[in-house]
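To start, the structure itself, in structure tokens.
Just so you know, these numbers come straight off a predicted model, no measurement behind them. Any value given below was found using the heavy atoms of this structure, including those in side chains, with hydrogens, waters and symmetry copies removed.
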Amino acid sequence: KVTIVTALSGADERTRSLAAYKRAKQKLKKNTDKVEPQAKIIREVNIPEHITVKELANRMSEKSGDVIKSLMKMGMMATINESLDADTAELLVTEFGHKFVRENIEDVEKDLIASDQQAVKDKIRPPIVTIMGHVDHGKTSLLDYIRKSNVVSGESGGITQHIGAYQVNHDDKKITFIATPGPAAFTEMRARGANVTDIVILIVAADDGVMPQTREHLMILDILGVNQCLVALTKIDRVSPNRTKEVEQEIKTLFEDSERNGFAIYPVCAPDNVGIKEIRLALGECAKSKVSRNTDGYFRMAIDRVFSLKGIGLIVTGMVFSGAVNTTDKLILSSDGSTIRIREIRAQNNITDEAKIGDRCALNIVGRGISEHSIKRGDWLMDPNLFVPTRRVDVSLKVSKSETKSLKHWTPAHLHIGSDHMTARVAVLSGGNIAVGSRGLAQLILSKDIFVVHGDRFVLRDQSAQRTIGGGNIIDPRSAKRG
């Protein structure tokens, strides 16, 4: 075909005709039709009670974007980190042409609910002593003299910033000490320290006397079921003997109001070594009866710190709530389900092959895509069998005696459990309210996924997070919607 442009340009190059283009296109289509489409691989997808969009897409070997599009067709706006219930996941698996299998969590629940933390086992650990008290009442200094070392110099301004764990040898028997922060901002740390303790040393300064936080500490111990308590009356060198007797009477009245018996008060002046021997002897009596804990259950560790060390890698620290772990085990990170491998374990500042229930330990971990930015306080490291998130839990809830009115249905609150903290609503399951000082059944509706088991203890604070309103223990960690 000759055009004016080609004629004037003088180009002799021959262009492809329209007929030739159509023939080539028909030939290509004919060859394509001969190629058989690849058969879709039908997969068997295990569906737990809750699963994220990303994890479901991985199990089906489908693109996360395609799964999100299907959810949008169902009228659900979701991201890859959105948690789906089992029924929704089942519909998606069916839509993509795969087979679904509901994960049977009965065996997991049986292990969790039937585990008796008080059962006598062959594995023995040293008793755990938690030191609690008002800010600047001398907790760290007392521990300093009990350990015969210098802990306070390592703190910020002499005020404990994190939970610290230390071991002391007494008559060839070990005692583990946990020092918890005193300021009100660290309520979850105090609750976490009390959650694994066997005996508490409550610190009261003779110059200040019983403080509001002292009352809150005793309230938390009552809520969490910690019965053994020693009282260290510190700074007696700063006051007169009459003032010391006045504070002793305040303490006795406080314990009588809390209906606690069998406590002992030890006047202490740590710099002059007054009363230290008596406290060590009392703790030695405690150490004679070694504490047994069930280490056969699934491993769980509540993470409270995460950081990186040059030449070592990523470190997480926390309290072991159940089971045991060694360097050959693989764990799951609760925040995103990542698989974690352990390089090294340190418990009570010693390198060891195993960390078990009651230990405060540091783990050097590695895993694909994890960093100190992807892990936060409140996350759990756990056995893969425990990776079952929930947003509704049935609880046995006791309302604090310090409250001025009963706890009403649908009260907003702050929940402290493990090392995690979140907002929640309290749905009272009977009667519409729980009276002051009474215990009742309730369901907590949570603002985010949590990982808990039967028997876990918790503390509730009011909507402003200024006071403790109650606490209790988990009855059903994966309860259904009620009412």
Side-chain angles (χ1 to χ4, degrees), residues 125-148 151 160 163-171 173-182 190-191 193-211 213-237 244-291 358:
R125 63 157 178 79
I128 297 176
V129 179
T130 298
I131 299 181
M132 305 176 73
H134 188 76
V135 59
D136 200 29
H137 271 201
K139 296 181 298 296
T140 308
S141 296
L142 177 63
L143 178 58
D144 191 1
Y145 281 89
I146 291 176
R147 294 180 61 217
K148 296 180 181 179
V151 181
T160 304
I163 285 181
Y166 318 92
Q167 280 195 337
V168 173
N169 286 315
H170 181 79
D171 293 337
K173 294 180 177 64
K174 290 184 177 180
I175 303 174
T176 300
F177 284 88
I178 298 176
T180 64
R190 293 198 297 272
N195 225 329
V196 293
T197 195
D198 302 308
I199 187 170
V200 166
I201 299 179
L202 183 62
I203 308 296
V204 180
D207 51 356
D208 288 339
V210 174
M211 301 292 285
Q213 281 178 241
T214 310
R215 299 180 186 277
E216 185 183 55
H217 294 156
L218 201 59
M219 184 195 314
I220 290 174
L221 297 180
D222 183 40
I223 290 170
L224 298 180
V226 181
N227 296 319
Q228 297 189 62
C229 185
L230 303 178
V231 180
L233 183 55
T234 60
K235 302 184 180 180
I236 58 174
D237 57 321
T244 301
K245 291 180 181 180
E246 287 178 8
V247 178
E248 285 184 9
Q249 187 57 47
E250 287 181 14
I251 296 170
K252 290 177 182 178
T253 303
L254 175 64
F255 273 74
E256 288 171 1
D257 292 342
S258 302
E259 298 178 358
R260 281 178 166 266
N261 300 315
F263 65 95
I265 302 175
Y266 296 89
V268 171
C269 177
D272 295 336
N273 205 30
V274 175
I276 302 298
K277 181 179 179 181
E278 288 76 7
I279 287 184
R280 288 178 65 93
L281 288 173
L283 294 174
E285 290 298 317
C286 171
K288 289 180 179 179
S289 55
K290 291 185 177 180
V291 180

- Item | Donor-acceptor contact below 3.5 Å, side chain Thr214 vs main chain Val210 | no

- Item | Straight-line distance of Lys245 NZ to Leu233 CG, nearest 0.5 Å | 13.0 Å

- Can you check whether Ile203 reaches Leu142 side chain to side chain, under 4.5 Å on heavy atoms? yes

- State the CD-CG distance between Glu278 and Leu283, to the nearest 0.5 angstrom. 11.5 Å

- Query: Is the closest side-chain heavy-atom distance between Lys252 and Phe263 below 4.5 Å?
  - Reply: yes

- Message: Quick check for you: to the nearest 0.5 Å, what is the distance between Glu248 atom CD and Ile236 atom CD1?
- Response: 9.0 Å

- Message: Ignoring hydrogens, what is the shortest heavy-atom contact between Gly209 and Val247? Give both atom names and the distance.
- Response: CA-CG1, 4.0 Å

- Looking only at heavy atoms, which two atoms of Lys235 and Ala205 are closest? And how far apart? CD-CB, 4.1 Å

- Task: Starting from the C-alpha separation in whole Å, work towards a yes-or-no answer on side chain to side chain contact (heavy atoms under 4.5 Å, CB included) for Val200 and Val129.
- Result: CA-CA 6 Å; Val200 166; Val129 179; over 6 Å; no

- Nearest non-hydrogen partners of Ile279 and Ala232, listed with the distance: CD1-CB, 4.0 Å

- Message: As an exercise, state the distance from CG of Asp237 to OG1 of Thr244, rounded to the nearest 0.5 Å.
- Response: 9.5 Å

- Message: What's the separation between atom CG in Leu254 and atom CG in Leu202, rounded to the nearest 0.5 Å?
- Response: 8.0 Å

- OG1/Thr130 to CD/Gln228 distance, rounded to the nearest 0.5 angstrom? 12.0 Å

- Query: Can you find a pair of side-chain heavy atoms, one from Met132 and one from Ile201, that are under 4.5 Å apart?
  - Reply: no

- Item | Shortest non-hydrogen contact between Leu221 and Cys229, atoms and distance | CD1-SG, 4.5 Å

- Note on the structure: Between Ala270 and Ile276 the two heavy atoms that sit nearest each other are CA-CD1, 4.2 Å

- Message: Between Tyr266 and Leu230, is there a side-chain heavy-atom distance shorter than 4.5 Å?
- Response: yes

